[in-house]
Amino acid sequence: MKIATTKLLLLVALPFLSTTYVCSDSVKKFLEGVIFAFVRHPFDIGDRCIIDGTEMEVKRISILITSFLKISGGELTIYPNSILSTKTIVNLVGEPDPNDYIELSLDPTIDLLRMVELEKKIKGVINDGRGAKDDDTSCRIVVKEIENVIKMGVHFKHIMDIADVTHSRCFVAKNDKKSKLLLEIKQILKEFKSKSS
């Protein structure tokens with residue numbers, strides 16, 4: 001009877017042991033992926049990250065894999081979460097930075113009244129459609145004289161809906177808005193030049 005019990009235990013235990021051995025790697029990867037995606041959670045969709053020295057934007061996160069879009073070439077890269085859990089990940093930013101800056105070089109002969117008028121017009125262009133007041137903190141202008149050239153620095157914030165927008169789309173939107181602002185400032189400076197002539 002003792003021999004039959006040992007053989008029966010071996011007969012029942014052997015399939016469980018072999019299944020455990022075969023599936024252990026898969027179960028381990030699955031558990032690492034779940035822990036990485038739901039516990040560590042180092043980034044969200046749309047975040048820019050640096051992994052292995054490459055800057056990428058997170059496109060899709062699932063339990064087993066995460067998809068990235070390389071910023072430099074637009075190439076889609078897929079990493080298993082079990083591999084990502086062993087890598088150093090630098091999350092550059094959770095949300096796009098709304099701050100921007102433009103530096104203008106002005107004619108040193110410009111008088112103070114024109115400079116104040118220029119500041120008001122630039123603030124008006126930036127705050128257009130915001131319902132902002134002149135003392136709004138979304139736009140600051142700094143004027144300095146450096147080597148007989150007047151430098152005007154315009155610090156401002158972009159207002160954009162970033163709810164479902166990726167970093168690359170926000171970057172494009174910021175550049176479009178900055179380009180439009182520069183064209184409007186150029187037009188203002190042309191008007192000043194024609195008035196002084």
Side-chain angles (χ1 to χ4, degrees), residues 1-103 126 129-130 137-140 153-182:
M1 193 73 172
K2 193 174 193 181
I3 294 172
T5 307
T6 307
K7 286 183 181 180
L8 182 65
L9 281 174
L10 278 175
L11 186 66
V12 172
L14 193 59
F16 285 120
L17 289 173
S18 61
T19 304
T20 304
Y21 179 74
V22 169
C23 295
S24 66
D25 192 45
S26 299
V27 171
K28 179 184 171 196
K29 285 182 181 180
F30 178 77
L31 289 175
E32 283 178 349
V34 168
I35 289 170
F36 178 79
F38 296 111
V39 177
R40 279 190 56 204
H41 196 71
F43 44 70
D44 289 315
I45 293 174
D47 285 359
R48 286 183 305 143
C49 301
I50 297 178
I51 301 169
D52 292 336
T54 306
E55 187 174 337
M56 296 183 268
E57 183 175 325
V58 181
K59 285 295 181 186
R60 183 173 169 257
I61 302 171
S62 68
I63 292 175
L64 296 177
I65 62 167
T66 301
S67 303
F68 297 92
L69 186 68
K70 288 185 180 177
I71 300 291
S72 58
E75 178 185 333
L76 189 67
T77 307
I78 298 172
Y79 278 103
N81 288 343
S82 58
I83 301 292
L84 283 175
S85 66
T86 64
K87 294 189 176 288
T88 301
I89 299 170
V90 178
N91 190 345
L92 296 177
V93 67
E95 290 184 355
D97 183 17
N99 297 308
D100 214 335
Y101 175 78
I102 295 174
E103 184 174 278
I126 290 172
R130 294 183 182 192
T137 58
S138 63
C139 177
R140 290 283 174 236
V154 182
H155 303 265
F156 59 98
K157 287 184 180 181
H158 292 279
I159 294 180
M160 58 182 95
D161 182 21
I162 58 170
D164 294 316
V165 180
T166 62
H167 284 276
S168 54
R169 288 187 193 154
C170 282
F171 181 74
V172 169
K174 278 176 64 172
N175 281 341
D176 287 347
K177 289 180 180 186
K178 188 173 182 177
S179 297
K180 287 177 185 174
L181 177 63
L182 283 170

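Keep in mind that this is a model prediction, so the values were computed, not measured.
Looking at I63 and N81, their side chains never come closer than 4.5 Å, going by heavy atoms from C-beta outward. The side-chain heavy atoms of R60 and I65, taken from C-beta on, include a pair separated by under 4.5 Å. Taking 4.5 Å as the limit, some side-chain heavy atom of I89 sits within range of a side-chain heavy atom of C49.
The side chain to side chain donor-acceptor pair (under 3.5 Å) check on K28 picks up nothing, with sequence neighbours excluded. By the side chain to side chain donor-acceptor pair (under 3.5 Å) test, E55 is found to be paired with R48, residues two or more places apart in sequence or in another chain being considered. For F30, the ring-ring contact (aromatic ring centres under 6.0 Å, His included) test picks out no residue, with sequence neighbours left out. With sequence neighbours excluded, no residue forms a side chain to side chain donor-acceptor pair (under 3.5 Å) with D176. Here L31 pairs with V27 under the side-chain contact (heavy atoms from CB on, under 4.5 Å) rule; sequence neighbours left out.
Residues Y79 and T77 approach most closely at CE1-CG2, 3.8 Å, considering heavy atoms. A pairwise comparison of heavy atoms in S67 and L76 identifies CB-CD1, 4.3 Å as the closest pair. Closest heavy-atom contact between P15 and T19: O-OG1, 2.7 Å.
For the atom pair I50 CD1 and I71 CD1, the distance stands at 10.0 Å (nearest 0.5 Å). Atom-to-atom distance recorded for F36:CZ and I61:CD1 is 8.0 Å, nearest 0.5 angstrom. Interatomic distance, I51 CD1 to K70 NZ, rounded to the nearest 0.5 Å: 10.5 Å. Between atom CE of residue M56 and atom OG of residue S72 there is a gap of 9.5 Å, rounded to the nearest 0.5 Å. Distance CG/D52 to CG/L84: 9.0 Å, rounded to 0.5 Å.
The aromatic rings of F43 and F68 lie perpendicular to each other, with more than 60° between the two planes, well past the 30° mark.
With D100 as the partner, the side-chain contact (heavy atoms from CB on, under 4.5 Å) test is satisfied by one option alone out of H155, K178, K157, K177: K178.
Within the structure, every pair that satisfies the side chain to side chain donor-acceptor pair (under 3.5 Å) test and touches residues 29-44, not counting sequence neighbours, is listed here: H41-D44.
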